[in-house]
Number of protein chains: 2
Amino acid sequence: MTTMTPDLAKQDCSDCPIRHRAVCARCEPDELERLEEVKYYRTYEAGQTVAWAGDKMDFVASVVSGAATLTQTMEDGRRQMVGLLLPSDFVGRPGRDGVRYDVVAVSELVMCCFRKAPFEKMIASTPHIAERLLEMTLDELDAAREWMLVLGRKTAREKIASLLSIIARRDAVYAPGVVRSVTFDLPLTREAMADYLGLTLETVSRQVSALKRDGVIELQGKRRVHVPDVDLLMEEAGDDSDGGLLV
Amino acid sequence: MTTMTPDLAKQDCSDCPIRHRAVCARCEPDELERLEEVKYYRTYEAGQTVAWAGDKMDFVASVVSGAATLTQTMEDGRRQMVGLLLPSDFVGRPGRDGVRYDVVAVSELVMCCFRKAPFEKMIASTPHIAERLLEMTLDELDAAREWMLVLGRKTAREKIASLLSIIARRDAVYAPGVVRSVTFDLPLTREAMADYLGLTLETVSRQVSALKRDGVIELQGKRRVHVPDVDLLMEEAGDDSDGGLLV
DNA sequence: CGCGCGCCTTGACGCAGATCAACTTTCTGG
DNA sequence: CCAGAAAGTTGATCTGCGTCAAGGCGCGCG
């Protein structure tokens, strides 16, 4: 799993419309201006569908707030989430005609959209963005492969811990220094977590309770999670601890 | 899962050193010549390691024959295969300094290698190849996500059928027309299959026997597999049948 | 207020696949 | 051709998670 390098993270990107580091972290003023020309915003409510598999998307977008999921479904209804889109992630990447998976908002979702054609033209004319686009896709591939280990070989408890530590890690990107405790809101229902982890919602519920009972996490309400010791959580996840979340 | 379009497949690429369609199918004579300048071959025996996680690879390569696997390992030894590299697949793609996973030969493996620096220079100077490189990576991402569904939601029997149909599909690329029966050699041991599918080797063995008993596959020896009806296999895999393997 | 509904929790039980173990078949090297 | 190792098969038993079911909590709405 890749952690952001400190220098990139510290750069202030708060008003950049594309917050994904792949485009944002290094974007230069004139590129940004060109992006502004073609951008608009869209809001989706929880449960709303952004795109179905096979849709031709007429836009390219970056998640600004909330969360969306990428889901595969079998004919008999079994579902597997294959991607979790959190603020700064990309949807409808150039180079593809349509999306192959359902994209559904799991909490209120705001996306910063770009009309596809001008965006693609811009990519084509800006070599370093094209290059970062490949880098970004390779990062996603890494994440997908990391997740294959979770799905194939980890126990239910380890799966939950892995998911929590991914979200914690993402959250910690916006906090400075080396982090040892984190608090965040789970953007997912128990059912969505189950779909992500290849479990049932009952098992998710049981294991979350177990982690709480064992002091690995604390809950304020159902959704707000406090992790007193990130190292402990990562140990539960079966990952080799790398000394806290470096941010 | 993407199937090759007929016109691309029919093109004769047998003496092209990079058989992956991403580079090969559209490669033009002068590009090919430039590739020839920097290529050499390497052979690995079964079990030999091509690269460890974190290695800086000094070459970029395409699998010519045999198979290699990309594997993630946990400290306690649990393993999950996250990629299966069959003839025409790429290793050590430009844009990454090292590989992040262990690449190990599972059967005798011949790779067509390119020294990295000149290859990358060539990529940089040839826009359509750079574009195809992104396309290729997106295909891999799709495959990884497809596999997440297999790992997270399919039964042992469906998992085996899915793996067999992936290999059958790959094999059928070299045969003409719409294919309804295929024969191929499994390039994997039962243990490697288990690592790929998130199962134990005993379960793999049992389910292979079951598929044989039920007439879905026929075995000649342990490794040679004949699939009398590809549709049936795909049904067992839980995929929507798309009317045979289009080649 | 209280009714219904979505979301979550908890318990009891069953089963698919893991584990442990014995054995067979196929390779490999002398 | 044989001996030993590696790969694969098959059976018996165990267990983690799925399944089914009952109920709790919070919240919007008539």
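Residue numbering restarts at 1 for every chain, and letters A, B, ... go by the order of the sequence lines.
- Leu197(A) has its CG atom 18 Å from the P atom of dG16(D), to the nearest Å.
- Contact annotation: Arg206(B) side-chain N/O to dG17(C) OP1/OP2 distance is not under 4.0 Å.
- What separates NZ of Lys212(A) from P of dC8(C) is a distance of 14 Å, to the nearest Å.
- Judged by closest nucleotide on DNA chain D, Glu202(B) is the one of Glu202(B) and Lys154(A) placed further toward the 5' end.
- Comparing dA18(C), dT9(D), dG18(D) against the side chain of Thr203(A) picks out dG18(D) as the nearest.
- If you take CE of Met193(A) and C1' of dC7(C), they are 13 Å apart, rounded to a whole angstrom.
- Between Thr200(B) and Leu201(A), it is Leu201(A) whose nearest contact on DNA chain C lies nearer the 5' terminus.
- Residue contacts shown for Arg157(A) are absent, as no nucleic acid heavy atom lies under 4.0 Å away.
- Note on Gly198(A): only backbone sugar-phosphate atoms sit closer than 4.0 angstrom, heavy atoms only; bases stay farther off.
- The existence of a salt bridge linking Glu140(B) and Arg145(A) is confirmed by a sub-4.0 Å separation between a basic side-chain nitrogen and an acidic carboxylate oxygen.
- One finds a salt bridge joining Glu158(B) and Arg78(A) here, because a Lys/Arg side-chain nitrogen approaches an Asp/Glu carboxylate oxygen to under 4.0 Å.
- Leu219(B) places its CG atom 14 Å from the C1' atom of dT25(C), with the value rounded to the nearest Å.
- In this pair, Trp147(A) and Tyr196(A) present their aromatic rings parallel. The plane angle is below 30°, not in the 30 to 60° band.
- Here the P atom of nucleotide dG17(C) and the CZ atom of Arg190(B) are 17 Å apart, to the nearest Å.
- The phosphate of dG16(D) has neither OP1 nor OP2 within less than 4.0 Å of any side-chain N or O from Thr155(A).
- Nearest to the side-chain atoms of Leu199(A) among the listed nucleotides dG18(D), dG17(C), dT9(D) stands dG18(D).
- For Lys222(A) and dC5(C), the NZ to P distance is 20 Å, given to the nearest whole Å.
- Taking atom CG of Leu151(A) as the reference point, atom C1' of dC17(D) lies 15 Å away to the nearest angstrom.
- The separation between Leu188(B) atom CG and dA7(D) atom P is 13 Å, rounded to whole Å.
- The residue Ser205(A) sits close to a base: some heavy atom pair falls under 4.0 Å.
- Nearest to the side-chain atoms of Arg223(B) among the listed nucleotides dC17(D), dA12(C), dA7(D) stands dA7(D).
- The minimum heavy-atom distance linking Pro187(A) with Leu86(A) is given by the pair CG-CD2, 4.2 Å.
- Annotation: cation-pi pair Arg42(A)/Phe59(A) present, NZ/CZ under 6.0 Å from the ring centroid and within 45° of its normal.
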